[in-house]
Amino acid sequence: MSRVFNFSAGPAAIPLEVLTQAQEELLDFHGTGMSVMEMSHRGKVFMEVAAEVEGDFRELLAIPANYKILFLQGGGKGEFSLVPLNLLRGRNKVDYVNTGHWSAGAIKEARKYCNVSVIASSEDKNFTYVPKQTGWKTNKDAAFRHICSNETIHGVEYFWTPTIDDDVPLVADASSHILSRPVDVSKFGCIYGGAQKNIGPSGLTFVIVREDLLGGAHPFTPSVFDYTQQAANGWMLNTPPTFAVYLAGLTFKWLKAQGGLAGIEAQNIEKAKLLYQCIDESDGFYRNQVALDDRSRMNVPFFLKNETLNAKFLDGAGAAGLAGLKGHKVIGGMRASIYNAMPLAGVMVLAEFMREFQRIHG
Ligand SMILES: *Cc1c(COP(=O)(O)O)cnc(C)c1O
């Protein structure tokens with residue numbers, strides 16, 4: 001067996017310890033004589049798994065008691081529709097900040113349901129920064145205010161939480177940096193995302209929603225996507241993606257063993273520092289264009305000065321056991337996604353490869 005260092009943006013690397021445990025338990029889960037994915041989601045064994053998974057997620061993020069946790073399906077993009085359907089609560093106006101591809105996607109989808117005000121945008125500089133809150137043109141009568149707190153493609157991350165001085169709840173798409181560091185959940189009305197970046201396999205969607213925002217879903221909302229109905233049924237109104245839920249649970253245990261979110265944050269800071277340093281010290285051979293304060297710790301897009309070397313770079317990286325470095329087609333270049341599951345050793349091998357590539361081709 002030979003495992004590579006996997007820099008894929010999503011679905012992304014899962015900790016080896018997690019995969020190994022899943023492998024060990026695959027055929028006979030805890031003496032039941034069947035796999036965890038072969039049993040009823042309403043049976044005692046799986047109900048216990050589900051409760052523990054939810055409890056560990058709550059503990060890791062210190063989610064207050066007045067927030068519901070839902071594990072649903074539909075992914076991040078599904079939530080682009082489900083957030084307005086559930087949280088408009090009879091209103092017709094919403095605020096969105098546009099910081100890149102994923103916030104733009106959320107805006108496009110929300111426009112099907114209501115009037116969207118784009119209250120700030122970084123499009124003027126190709127989505128390379130987070131607009132300062134002082135310039136946001138907010139609406140006090142908005143049903144909610146939406147941000148994408150880590151732009152996976154543009155590599156831009158909020159390292160501050162917008163302050164809310166009106167009653168408009170803050171909603172965040174945190175798909176690609178959830179659980180990478182502690183966050184004060186009480187500052188948000190709702191946090192959502194797909195699991196396949198920093199939690200586990202695709203097919204699982206998390207929604208953290210403040211209880212007082214429930215109860216107002218649009219009547220056309222499918223029941224399985226109605227936060228209120230799912231909350232009332234312990235997110236088992238329909239069959240949840242049981243194997244993905246189980247695997248997320250293993251990741252949560254792994255995270256607790258890393259010292260929780262403070263522990264993993266320290267590792268993530270070190271990894272990002274090493275990679276950005278390698279880029280910044282390359283004399284322009286490599287470049288990352290994101291404003292220094294807004295550079296994502298999870299997704300590091302970078303470009304070679306000489307883009308005709310791109311294919312050679314990717315081939316060489318592949319030969320060195322470094323996979324998934326091709327940038328998203330929207331912006332091109334390279335991208336190293338260094339989520340929780342990427343060990344420091346992987347980033348060190350990447351930085352070493354980049355320096356050697358520059359020595360040969362620079
Ligand atoms: C990947 C991603 C999405 C889309 O997720 P899907 O599960 O593929 O729908 C949405 N938002 C962000 C920030 C993402 O990184």
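For reference, positions follow the sequence shown, starting with 1. Ligands are counted one by one from 1 in listed order, and the atoms in each one are counted from 1 as well.
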**Asked** Does Arg355 come within less than 4.0 Å of Glu281, counting only side-chain N to carboxylate O?
**Response** no

**Message:** Checking side-chain polar atoms at under 3.5 Å, does Gln230 have a donor or acceptor matched by the opposite partner on Asn238?
**Reply:** yes

**Prompt:** Taking only heavy atoms of Gly76, which atoms of ligand 1 are found under 4.0 Å from at least one of them?
**Reply:** 5 (O), 6 (P), 7 (O), 9 (O)

**Request:** Salt-bridge test for Arg145 and Asp166: reply yes if a basic N is under 4.0 Å from a carboxylate O, no otherwise.
**Result:** yes

**Fill in**
min-distance protein heavy atom vs atom 9 (O) of ligand 1 -> Lys77 N, 2.8 Å

**Asked** Less than 4.0 Å between a side-chain N and a carboxylate O, is that true for Lys273 and Glu270?
**Response** no

**Fill in**
One finds that the ligand 1 atoms under 4.0 Å from a non-hydrogen atom of Gln196 are 5 (O), 6 (P), 7 (O), 8 (O)

**Message:** Suppose we measure from atom 11 (N) of ligand 1 to each protein heavy atom; which comes out shortest, and what is that distance?
**Reply:** Asp173 OD2, 2.6 Å

**Asked** Against heavy atoms of Asn150, which atoms of ligand 1 measure under 4.0 Å?
**Response** 13 (C)

**Fill in**
Any heavy atom of Cys148 under 4.0 Å from ligand 1? The part involved is side chain

**is_close_aromatic(His154, His328), centroid dist under 6.0 Å** = no

**Asked** Would a line drawn from the ring center of Phe302 to the ring center of Tyr276 be shorter than 6.0 Å?
**Response** no

**Asked** Any ion pair linking Lys68 and Glu211 (charged N to carboxylate O, less than 4.0 Å)?
**Response** yes

**Asked** Counting each atom of ligand 1 from 1 as listed, which ones have a heavy atom of Phe80 under 4.0 Å away?
**Response** 10 (C), 11 (N)

**Prompt:** What protein heavy atom sits nearest atom 1 (C) of ligand 1, and how far away is it?
**Reply:** Lys197 NZ, 1.5 Å

**Request:** Write out the residue and atom name of the closest protein heavy atom to atom 15 (O) of ligand 1, then the distance separating them to 0.1 Å.
**Result:** Thr152 OG1, 2.4 Å

